[in-house]
Amino acid sequence: MRLFIAVKFSSEIENTLIKAQNDIRSHGVTGNYTNCSNLHLTLAFIGEYDSPDKVLNAMKLISFKAFLLSLSGKAGAFGDLWWAGLDKSSQLFSLDSQLRKALSDNGIPFDKKPFKPHITLLRRAELPYGKDFDIKACKLPKASMKVDKLSLMLSHRENGRLIYTELGYVSAADEMRKGDV
Ligand code: 2AM
């Protein structure tokens, strides 16, 4: 099973990212645009691993408060993968390092490349011949959402189509319970 751990988006964020994709498309850029239901933010990529329960148990060891995540309105590229950026968030980095520690402590393998928060808008981006378009100079629409859960995702293909399925999730500790402890 190909697994990863991600933040799934609110419909407001999804719609904003779709607008951003449409804006890019209107400049004639072709490529594999991420389907609306597949838009997400990856915190840890596990890859082939057949014990999702073990991963969920490790995820349950982390504790985080809900926090706000905002699209920065900036875009960038890793080669021909074009992404939307996020405002810097210390809560997001702290959640990611807690998560990676829990995975390591429990012997769960994951891609150790440093965390670079990004939302993939399209892969294999190509410009029409002679067209000049700089994704890094692009201003994208903004939106925010509350992150109150972290999802364990399965990536698989059905008839060639990439499908991401949520296998389980852990929720943020609610403020009341936290205060009570
Ligand atoms: P990407 O958006 O930069 O492609 C499922 O493949 C998710 O895991 C994608 O969001 C992908 O990031 C991310 N991911 C992180 N590291 C990966 C890796 N080594 N191989 C494949 N996907 C990876």
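No hydrogens, no waters, no symmetry mates; every other heavy atom, side chains included, goes into these values. Counting starts at 1 for both ligands and their atoms, following the listed order. Keep in mind that what you see is a predicted model, and the values were worked out from it rather than measured.
- Set against the non-hydrogen atoms of T42, the atoms of ligand 1 under 4.0 Å away are 7 (C), 8 (O), 9 (C), 10 (O), 13 (C).
- The closest side-chain donor-acceptor pair between E166 and S151 falls under 3.5 angstrom.
- In this comparison of F115, F45, F110, the heavy atom closest to atom 14 (N) of ligand 1 sits on F45.
- For the pair D111 (side chain) and K113 (backbone), a donor-acceptor distance under 3.5 Å is present.
- Of all the listed residues (W83, F4, F78), F4 holds the heavy atom that lies closest to atom 5 (C) of ligand 1.
- Under the 4.5 Å side-chain contact rule for hydrophobic residues, F93 and L43 share a cluster.
- Proximity to L81 (heavy-atom distance under 4.0 Å) selects the following atoms of ligand 1: 3 (O), 4 (O).
- Other members of the cluster containing W83 are F78, L81, with ILVMFWY side chains joined at under 4.5 Å, either directly or via other members.
- Under a 4.0 Å criterion applied to the non-hydrogen atoms of H118, ligand 1 contributes the atoms 1 (P), 2 (O), 3 (O).
- Atom-to-atom distance recorded for I119:CD1 and L17:CG is 5.0 Å, nearest 0.5 angstrom.
- Below 4.0 Å from some heavy atom of R2 lie the following atoms of ligand 1, by number and element: 21 (C).
- For ligand 1, the atoms sitting less than 4.0 Å from at least one non-hydrogen atom of D111 are 16 (N), 17 (C), 18 (C), 19 (N), numbered in the order shown with element in parentheses.
- Below 4.0 Å from some heavy atom of R123 lie the following atoms of ligand 1, by number and element: 1 (P), 2 (O), 4 (O), 9 (C).
- Below 4.0 Å from some heavy atom of T120 lie the following atoms of ligand 1, by number and element: 1 (P), 2 (O), 3 (O), 4 (O).
- Using a 4.5 Å heavy-atom cutoff, the side chains of V29 and I135 are not in contact.
- F4 is listed as a side-chain neighbour of Y164, based on a closest heavy-atom distance under 4.5 Å.
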